[in-house]
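In what follows, chains carry the letters A, B, and so on, assigned in the order in which the sequence lines appear, proteins first and then strands, with residues in each chain numbered from 1. These numbers come from a predicted model, not from an experiment.
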Amino acid sequence: MPLRVYNTLSRQKEDFQTVTPGKVSMYLCGPTVYKPAHIGHMVGPVIFDTIKRYLTYSGYQVTWVVNITDVDDKLINRANEKGVTVDALAKEMTQDYFDNLKTMAVDGIDHFPYATQHIQEMQDIIATLIEKGFAYPLEGDVYFNCAQDADYGKLSGRSLEQLLVGTRAETHGGKRHPADFALWKGSKPGEPAWPSPWGPGRPGWHIECSAMAKKILGDSIDIHGGGLDLMFPHHENELAQSESCTGKPFARYWMHNGLMQASGASGKVGGGHDKQGDKPADLTAAKEAQEANKLAGSKGAASVKELFAKHDAETIRFFLLATHYRSPIDFSDDRIAETGKSLEGFHRLFETFERISGNSFYAISAGTSRDQSPSFSGESSPLYLELHELRRRYLESMDDDFNTGGAVGVLFDLRKTLNAYISDQKLDTANPDTSHLPPLKAGMGLLKELSSILGVFRVAKPKVKTADDATLDGLMQLVIQIRADARKNKNFAVADLIRNKLNELKITLEDRTDQTLWRRG
RNA sequence: GGCUCCGUGGCCAAGUGGCUAAGGCAACGGAUUGCAAAUCCGUCAUCGUCGGUUCGACUCCGACCGGAGCCUCCA
């Protein structure tokens, strides 16, 4: 079963075939670094990081580029508001972005090109476009000539005629078509500017991606990704420029991730308002509510760092991957909390495994390649058969347009299978018979392998041992000892009192056959 | 108005032209436990509505209802 990828260009899943066999070039539109990143900015990186992991696992050599837009109107405006230079603001926000990627375990990005460092490459493309008749200078600006591009609109499914009707924005006086967009913008006094054959100015929004993708990855790349909101006009224009410039297909597969939406904060939009059109007031209200629910550009959207204070980054990553990447995701604290609960069972299993085998789950070195991974097919224990089937289902899901939601489901099934095995074989009861251990270790190895592809359960939660923790641990051992004595004497009233009081302190006791465990939460 | 997309159990969420429609959270029953916790076993949906195509559709087509995004430099 070959890998299949949904291509926005064709609106269907296609067999995955790269420009160069065995290699994948991948470009993801990165952030404009003008304010701290919010959770929505993490969706693309997490998804494409996972895609890269899976492609690498499948034997491809992947090169992944994410650009940093460090010159832009929003950046200029915000720098002016804050009274800092564009450069300083950009640097600060770039660092914020990098910090967040690291926290989210996004570490597969190979290149971070900066727009301001590729002005020459952009100008080269613009010059070529003018030369070929696809662009024209106008009063210090340079515009792309949409009418000259025969297949303009093919990505988003629009035609120039439709754009004419739909556009209400007033046209720049000399533009030949309202849809024509700026490749180069002449600068006003005080704005960042670079010299150019068309006068001092700065690049248009779309040209940087064309230039940097071309420079680092070549004329034709395999995967171009970004948020659904970028499909038009950004990607449409990027595509038009690049293909008009090189005469070659720009990207084989256009992949767009769904957008994250805030939910819960304000009531849901719509509810029961009448059919459309009759009540302008309602419509306006609905519009406003809609705006409020949008994360993008919304001032209320919490920064990623604020979110990390409340939720574990791994939980957030898992949450993002539990839904198909093309679907919109409703974001709320409750949703994240629910995901956190669903992950507890994994951490519990890791503890159990360590108790049984003496090995840490996190120390397992699992297979990193689809081919080298054990197939389990020749083994004797019935568990191996199940492992084999689970692995097959996982790969089948991921092969189907990176269906991480289905893959996550397999992880839960694998968890249940291993817990059932432990339960059946009574492995967690100081069982001296170790003959049932190898299959369990194989299963844990598989869990490690498959979860690593999603980028979760990779490192143990840091257990910071402070003086307080040491004291607490000592205290707990004492309390547990006292309670054990009480239980031995059938003094359950005391035993239960201790446990209930500890519960109120968010400490849970777990009486096992040979010992009593405790944990917070 | 134009262009995309979506509507699966209480909530979240995979998936398929015809075997028992994944999984998670919640709930309930049972095993285990002194009682719990954890774990295991089990129960809980006919897939927005109405038509059509088909031997057969939740899955394909149409209409309608409901929701989302884009057309305004928002990932």
For this session: Could you check whether Gly157(A) gets within reach of a base, just the sugar-phosphate, or nothing at all, counting any heavy atom under 4.0 Å?
Result: sugar-phosphate
Exercise. When we call it a touch if two heavy atoms are under 4.0 Å apart, what does Gly409(A) touch: a base, just sugar-phosphate, or nothing?
Worked result: base
Exercise. In chain order, what residues pass the salt bridge (Lys or Arg N to Asp or Glu O under 4.0 Å) check against Arg326(A), with sequence neighbours excluded?
Worked result: Asp401(A)
Exercise. Does any donor atom in the side chain of Asp99(A) or Gln95(A) lie under 3.5 Å from an acceptor atom in the other side chain?
Worked result: yes
Exercise. If you look at every strand shown and take non-hydrogen atoms under 4.0 Å, does Leu230(A) touch a base, only sugar-phosphate, or nothing?
Worked result: sugar-phosphate
Exercise. What is the nucleic acid contact for Arg355(A), judged by heavy atoms within less than 4.0 Å: base, sugar-phosphate only, or nothing?
Worked result: nothing
Exercise. What does Asp413(A) touch in the nucleic acid at a heavy-atom separation under 4.0 angstrom: a base, only the sugar-phosphate, or nothing?
Worked result: sugar-phosphate
Measure all distances between protein nitrogen or oxygen atoms and nitrogen or oxygen atoms of nucleotides 31-34 of chain B, and list the pairs falling under 3.5 Å.
from   : atom 1 : to        : atom 2 : distance (Å)
G34(B) : O6     : Arg487(A) : NE     : 3.1
G34(B) : N1     : Asp496(A) : OD1    : 2.9
G34(B) : N2     : Asp496(A) : OD1    : 3.2
G34(B) : N2     : Asp496(A) : OD2    : 2.5

Exercise. Quick one: salt bridge (Lys or Arg N to Asp or Glu O under 4.0 Å) partners of Arg393(A), sequence neighbours excluded?
Worked result: Asp413(A)
Exercise. Considering only heavy atoms from C-beta outward, does the side chain of Ile480(A) approach that of Gln515(A) to under 4.5 Å?
Worked result: no
Output one line per pair: protein atom, nucleotide atom from nucleotides 27-29 of chain B, and distance, for all N/O pairs under 3.5 Å.
none

Exercise. When we call it a touch if two heavy atoms are under 4.0 Å apart, what does His206(A) touch: a base, just sugar-phosphate, or nothing?
Worked result: nothing
Exercise. Under 3.5 Å, is there a donor-acceptor pair between the side chain of Tyr421(A) and the main chain of His436(A)?
Worked result: yes
For this session: Could you pick out which residue, Asn419(A) or Phe232(A), lies toward the 5' side of RNA chain B when each is mapped onto its nearest nucleotide?
Result: Asn419(A)
Problem set entry | With sequence neighbours excluded, residues passing salt bridge (Lys or Arg N to Asp or Glu O under 4.0 Å) with Arg392(A) | Glu389(A), Glu396(A)
Name the pairs: protein N/O against N/O of nucleotides 9-12 of chain B, kept only if under 3.5 Å.
from   : atom 1 : to        : atom 2 : distance (Å)
C12(B) : O4'    : Arg335(A) : NH1    : 3.3
C12(B) : O4'    : Arg335(A) : NH2    : 3.0

Problem set entry | Ring-face cation contact, Phe346(A) with Arg415(A), 6.0 Å cut, 45° max | yes
Exercise. Taking it one step at a time, do Asp229(A) and His234(A) satisfy side chain to side chain donor-acceptor pair (under 3.5 Å)?
Worked result: CA-CA 9 Å; Asp229(A) 54 341; His234(A) 181 56; over 6 Å; no
Seminar exercise, completed: Of Trp205(A), Tyr27(A), Trp254(A), the one forming a ring-ring contact (aromatic ring centres under 6.0 Å, His included) with His235(A) is Trp254(A)
